[in-house]
A.B. asks: 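Below is the structure I would like to discuss, written out as C-alpha cells.
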Amino acid sequence: MASNFQAVKGTRDFYPQEMRLRNYIIDTWRRVSLRCGFEEYDAPIFEYLDLFTVKSGEEIAEQLFSFTDRGGRDLAIRPEITPSLARMVAEKINALPRPVKWFSVPRLCRAERPQRGRLREFFQWNVDVIGVDDILADAECIFACVEALREFGLTPADVEMRIGSRPLWTAVLDSLAVPTERRDDVLALVDKRFKLPEDAFDKLLAESFLNDEQTSVIRDLLSHENVTVEQLLTDYSGRVDIGQTVERLSQLLGYLEAYGIAEWCVLDLRVVRGLAYYTGVVYEAIAAGERAVAGGGRYDNLLQVVGGPAESATGFGMGDVVLGILLDEKGLLPADLASESLNFFVIDAVEGVFPKVLDLVARLRKGGFSADCHTRRQNVGKQLKQADKRGARCSVLLSGNDLRIKTMASGEETDIDATTFLDDPGKWLQ
RNA sequence: GUGACUGUAGCUCAGUUGGUUAGAGCACCUGGUUGUGGUCCAGGGGGUCGGGGGUUCGAAUCCCCUCAGUCACCCCA
C-alpha cells in the first residue's frame, strides 16, 4: 500500500482512463434524453431521512448512508432520486407546463454489500414523465431506454425489454381471493421466478400459504414467458375483469410498434419489480446472465406519498455499473477512449524560442483546439516522444517564424509560416 | 447482515516439504540520441509479501483475528 488510506468499500476511483468511460456513458445518456425531449434536473445529494423512509418503511434505512447534522437533523445520502423528483415536482406542480418530461444522472449511494454489478456508489440515469395518465408516457420512457441501448451498440439479441403488469396480477390475485396483505408476498415470490431454478421455485410455491387453485393459476400465468394480449384475454377474461388492463397493455404495444422498437420488447408477466411503489406497467431491460441493466414502471401515487397532489407518473432507472459490465463483455466500449487525443503538441526545435511556443499554444487554445507543450526543455527527439505519449494528432516544430507540422500517424511533415497555419489549424486534423 | 474463495511491485503473475539478500514480463522514469516519436539496447525507481498477532532457531509460505476484493445469499428503490 503506497498510501495509508484506501478507497472505501464499494467505491471507485476514476483515474483519467476510467473517467473517459464514465463520461462516455453519461454523455450518451444525456444526448439520448435531450433528443427524446427530456429536460435535465438535479437535486441535493442528501435529503431528510424521512423522505426516503416514508414510502418504503424503516427497514430501508439500514441500506442508507444516514447521519445527523450539527443542527440535529436526520439526513441521508440519496439512494435514489425519485423521491427528490416527487418532492420537487409536488412543490411546483401548478407552475409546471405538462407534460413534465425530466431526466437526471444522479450519483447515488446505498450501503449494500458490493457484488457483481452492484457497488455502494454509482451513477444512475433516471427518466420520468409526470402528469400524463396515458400509457403513451410509459412508451416514451421505454423508447428513451431502448434508444440509449441502441446508441451504445446493443441489439435486441443482447438485451430484451421485458414488460409486465402489476394491475394484472392484482386483478388475478383478487379474483383468487388472495388477501390484500399477502399480495406483496406473492409478488415477491413471482419476482424470484426469474432467478431461481425451477425446482427451487416449485418448492417455495408449495411451501407458501396458497391453496391449489391459487397455485395453479399463478403457475399458469408464469408459464406465459412470451404472451400476447389476445392470449391473456382468451385465457383470463372469463375468470376476472382484466379488460381495461389488457387494453392498456395492448395500447402500449401499439405505441412501441409505431415507435419501431417492437423487436426489443416482449410481454413477460414474471416481471413485477420487487415491492416499491409501482402501480401499473413495469419493465426491465434484461441481458442474459446479468441483473437488470434498467428497470422502471408507473408509480401513480408517489407524489401523494410525499404530500403532493394526485398526479400520475412513470419512469425508469439505468445504472452505470451493470451497463459498463455489459458493454465491456460485448466489446462495445469505444477503442478511442483509450487515448487522450491532444490536437497539437508544440515543440521548440531550437533553444530560446519558448515564449513563441507559449504564444502559439495560447492562440491554438483560443481557437478552440487542444494544445500543449513540454514543461521541461528537452531535445526534439524527446519532445516528439512526449507528443506521441500524449496522443497528439500533430506536432508543431517551431524555430524562428517558420513552423513544421508533423502528422504523427503518418510521419508526414510540411513547412508552413505561422500566419498561414493559424488561419486554419483544423485542416491538419482531418 | 450470512457464507465461500482470494490478497506478493502500478498491472498480470512466479516464489521448492517453512531456509538466509522476494523475482519475471508489461507499465513508468533515465540514458544510448544539443536534437525527428513508435522499434531496439542498457540502466533505474518502485514491496514492512493487505494489516495485526501467534507458532518456530527461522514465516510470503503454517494458525488466529482484521481489512479489502470477487462470487453467491438477503435485498434490489
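Within every chain, numbering begins at 1; the chains are lettered A, B, ... in the order of the sequence lines, protein sequences first and strands thereafter.
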A.B. asks: Rounded to the nearest 0.5 Å, what separates atom OG1 in A:Thr407 from atom CD in A:Glu413?
C.D. replies: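 Interatomic distance, A:Thr407 OG1 to A:Glu413 CD, rounded to 0.5 Å: 9.0 Å.
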A.B. asks: Base, sugar-phosphate, or nothing: which does A:Gly319 touch, judged by heavy atoms less than 4.0 Å apart?
C.D. replies: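 Here A:Gly319 touches no strand at all.
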A.B. asks: Rounded to the nearest Å, what distance is computed from the CD atom of residue A:Gln124 to the C1' atom of nucleotide B:C76?
C.D. replies: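 Those two atoms, CD and C1', are 11 Å apart.
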A.B. asks: Find the distance A:Leu108:CG to B:A77:C1' and express it as a whole number of Å.
C.D. replies: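 Nearest whole value for this atom pair: 9 Å.
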A.B. asks: I'd like to know if A:Arg116 reaches the base of B:U70 with its side chain such that a donor and an acceptor end up less than 3.5 angstrom apart.
C.D. replies: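 Absent.
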A.B. asks: Between the base of B:U36 and the side chain of A:Glu413, is there any donor-acceptor pair under 3.5 Å?
C.D. replies: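 Such a pair exists between side chain and base.
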A.B. asks: With rounding to the closest Å, how many angstrom separate the C1' atoms on B:G18 and B:G54?
C.D. replies: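 About 15 Å, rounded to a whole number of Å.
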A.B. asks: If we take the C1' atom in both B:C62 and B:A72, what is their distance in whole Å?
C.D. replies: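 So the two C1' atoms sit 29 Å from each other.
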A.B. asks: Nearest to the side chain of A:Glu351, which nucleotide is it out of B:C75, B:U34, B:G38?
C.D. replies: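 Closest nucleotide among those given: B:U34.
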A.B. asks: Report the C-alpha distance between A:Asp348 and A:His374 in whole Å, list the side-chain angles of each, state the deciding distance to 0.1 Å, and finish with yes or no for side-chain contact (heavy atoms from CB on, under 4.5 Å).
C.D. replies: CA-CA 9 Å; A:Asp348 43 356; A:His374 66 75; 3.1 Å; yes
A.B. asks: Considering the options A:Arg31, A:Lys101, A:Arg30, which one meets the salt bridge (Lys or Arg N to Asp or Glu O under 4.0 Å) requirement together with A:Glu40?
C.D. replies: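 It is A:Arg30, the one option of A:Arg31, A:Lys101, A:Arg30 that forms the salt bridge (Lys or Arg N to Asp or Glu O under 4.0 Å) with A:Glu40.
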A.B. asks: Testing the basics here: between A:Arg248 and A:Asp133, what is the closest heavy-atom pair and its distance to 0.1 Å?
C.D. replies: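 Minimum heavy-atom contact is NH2-O, 3.0 Å.
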A.B. asks: Among the nucleotides B:A77, B:A72, B:G38, which one has an atom lying closest to any side-chain atom of A:Gln115?
C.D. replies: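 Closest nucleotide among those given: B:A72.
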A.B. asks: By nearest atom, which of the nucleotides B:G31, B:U70, B:C73 is closest to the A:Pro114 side chain?
C.D. replies: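 Of the candidates, B:U70 comes closest.
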A.B. asks: Take atom NZ of A:Lys9 and atom P of B:C71, then tell me their distance rounded to the nearest Å.
C.D. replies: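 So the two atoms are 13 Å apart, to the nearest Å.
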A.B. asks: Of the listed nucleotides (B:U70, B:G37, B:A72), which one gets closest to any side-chain atom of A:Leu384?
C.D. replies: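 Among B:U70, B:G37, B:A72, the one nearest the side chain of A:Leu384 is B:G37.
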A.B. asks: Please, what dot-bracket string fits RNA chain B when only Watson-Crick and G-U pairs with both distances under 3.5 Å count, crossing ones use [ ] and pairs to another strand use |?
C.D. replies: (((((((..((((.....[...)))).(((((.......))))).....(((((..]....))))))))))))....
A.B. asks: Picking from B:G31, B:U70, B:A77, which would you name as closest to the side chain of A:Glu80?
C.D. replies: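 Closest nucleotide to the A:Glu80 side chain: B:A77.
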A.B. asks: Quick check for you: to the nearest 0.5 Å, what is the distance between A:Ser370 atom OG and A:Leu342 atom CG?
C.D. replies: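 Separation between the atoms: 4.5 Å.
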A.B. asks: Look at the side chain of A:Arg110 and the base of B:A77, then say whether one donor and one acceptor between them are separated by less than 3.5 Å.
C.D. replies: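 Result: at least one qualifying N/O pair found.
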A.B. asks: Can you check the distance between B:U17 and B:G58, where both ends of the measurement are the C1' atom (answer in whole Å)?
C.D. replies: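 These two C1' atoms come out 15 Å apart once rounded.
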A.B. asks: Determine the contact category for A:Ala7: base if any of its heavy atoms lies under 4.0 Å from a base atom, sugar-phosphate if only primed atoms, P, OP1 or OP2 are that close, otherwise nothing.
C.D. replies: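 The residue A:Ala7 makes no contact with any strand.
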A.B. asks: Within less than 4.0 Å of OP1 or OP2 of B:C76, is there a side-chain N or O belonging to A:Arg291?
C.D. replies: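 No, outside the criterion.
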A.B. asks: How far does the C1' atom of B:A4 sit from the matching atom of B:G10, given to the nearest Å?
C.D. replies: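 After rounding to an integer number of Å, I get 29 Å for this pair.
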A.B. asks: What integer distance in Å separates A:Glu18:CD from B:G10:C1'?
C.D. replies: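 Between C1' of B:G10 and CD of A:Glu18: 12 Å.
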A.B. asks: Can you tell me, in whole Å, how much space there is between the P of B:C65 and that of B:U70?
C.D. replies: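 Each nucleotide's P atom is 22 Å from the other's.
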A.B. asks: What is the distance, rounded to the nearest whole Å, between atom NZ of A:Lys389 and atom P of B:U30?
C.D. replies: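 That distance rounds to 7 Å.
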A.B. asks: Can you tell which of B:G35, B:U33, B:A77 lies closest to the side chain of A:Asn379?
C.D. replies: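 Given the options B:G35, B:U33, B:A77, the side chain of A:Asn379 is closest to B:G35.
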A.B. asks: For B:C29 versus B:C67, give the span between their P atoms, rounded off to a whole number of Å.
C.D. replies: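 To the nearest whole Å, 38 Å.
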A.B. asks: Can we call the ring centroids of A:Phe38 and A:Phe103 under 6.0 Å apart?
C.D. replies: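 So the answer is no for these two rings.
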A.B. asks: Just the rounded figure in Å: distance from P of B:G35 to CZ of A:Phe345.
C.D. replies: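 About 19 Å, once rounded to whole Å.
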A.B. asks: Taking the minimum atom-to-atom distance to the side chain of A:Val380, which one of B:A77, B:G69, B:G35 wins?
C.D. replies: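 Per side-chain heavy atoms of A:Val380, the pick is B:G35.
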A.B. asks: Contact class for A:Leu397 vs. all strands (heavy atom < 4.0 Å): base, sugar-phosphate, or nothing?
C.D. replies: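 Base contact.
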A.B. asks: Rounding to the closest angstrom, what is the interatomic distance between B:U48 and B:C74 at atom C1'?
C.D. replies: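 So the two C1' atoms sit 39 Å from each other.
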A.B. asks: Atom OH of residue position A:Tyr48 - does it have more than 12 heavy atoms of other residues, nucleotides or ligands inside 6.0 Å?
C.D. replies: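 Atom OH in A:Tyr48 is not crowded, with 12 or fewer foreign heavy atoms closer than 6.0 Å.
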A.B. asks: With rounding to the closest Å, how many angstrom separate the C1' atoms on B:A68 and B:U36?
C.D. replies: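 To the nearest whole Å, 47 Å.
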A.B. asks: Base, sugar-phosphate alone, or nothing: which one does A:Gly295 contact when heavy atoms must sit under 4.0 Å apart?
C.D. replies: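 No contact.
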A.B. asks: Check this for me: A:Arg363, atom CZ, are more than 12 non-hydrogen atoms of other residues, nucleotides or ligands nearer than 6.0 Å?
C.D. replies: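 Atom CZ in A:Arg363 is not packed in, count stays at 12 or less.
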A.B. asks: Tell me what A:Lys406 touches on the nucleic acid: a base, only sugar-phosphate, or nothing, going by heavy atoms under 4.0 Å.
C.D. replies: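 Base contact - A:Lys406 has a heavy atom under 4.0 Å of at least one base atom.
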A.B. asks: With rounding to the nearest 0.5 Å, note down the distance linking CH2 in A:Trp264 to OG1 in A:Thr155.
C.D. replies: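 Rounded to the nearest 0.5 Å, the CH2-OG1 separation comes to 6.0 Å.
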A.B. asks: Need one value for A:Arg376: base, sugar-phosphate or nothing, where a base atom within 4.0 Å counts as base even if backbone is also close, heavy atoms only.
C.D. replies: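 Result for A:Arg376 = sugar-phosphate.
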A.B. asks: On a heavy-atom basis, which atom in A:Leu249 and which in A:Ser165 lie closest, and how many Å separate them?
C.D. replies: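 For A:Leu249 and A:Ser165, the tightest heavy-atom pair comes out as CD1-CB, 4.1 Å.
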A.B. asks: Which part of the nucleic acid, if any, lies within reach of A:Gln383 when heavy atoms closer than 4.0 Å are counted: base, sugar-phosphate only, or nothing?
C.D. replies: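 Contact class for A:Gln383: none.
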A.B. asks: Relative to the 5' end of RNA chain B, which residue comes earlier, A:Glu412 or A:Arg113, by the nucleotide with the nearest heavy atom?
C.D. replies: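 Here A:Arg113 is the residue nearer the 5' end.
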A.B. asks: Between A:Met408 (CE) and B:G38 (P), how many Å, whole number?
C.D. replies: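 Result: 9 Å.
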A.B. asks: Across the strands shown, which category fits A:Gln386 at heavy-atom distances under 4.0 angstrom: base, sugar-phosphate, nothing?
C.D. replies: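 Here A:Gln386 touches no strand at all.
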A.B. asks: Between B:A77, B:G31, B:U36, which one does the side chain of A:Arg404 approach most closely?
C.D. replies: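 For the A:Arg404 side chain, the nearest candidate turns out to be B:U36.
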A.B. asks: Looking at A:Lys385, I'd like to know whether one of its side-chain N or O atoms comes within less than 4.0 Å of OP1 or OP2 on B:U30.
C.D. replies: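 Negative; the distance criterion is not met.
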A.B. asks: Kindly say whether the aromatic ring centers of A:Phe46 and A:Phe52 come within a distance under 6.0 Å.
C.D. replies: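 Here the rings of A:Phe52 and A:Phe46 have centres that are no less than 6.0 Å from each other.
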A.B. asks: What about A:Arg118: does its side chain form a donor-acceptor pair under 3.5 Å with the base of B:C71?
C.D. replies: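 Checked by distance alone, the answer is no.
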A.B. asks: Find the distance A:Arg120:CZ to B:C67:P and express it as a whole number of Å.
C.D. replies: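 Those two atoms, CZ and P, are 12 Å apart.
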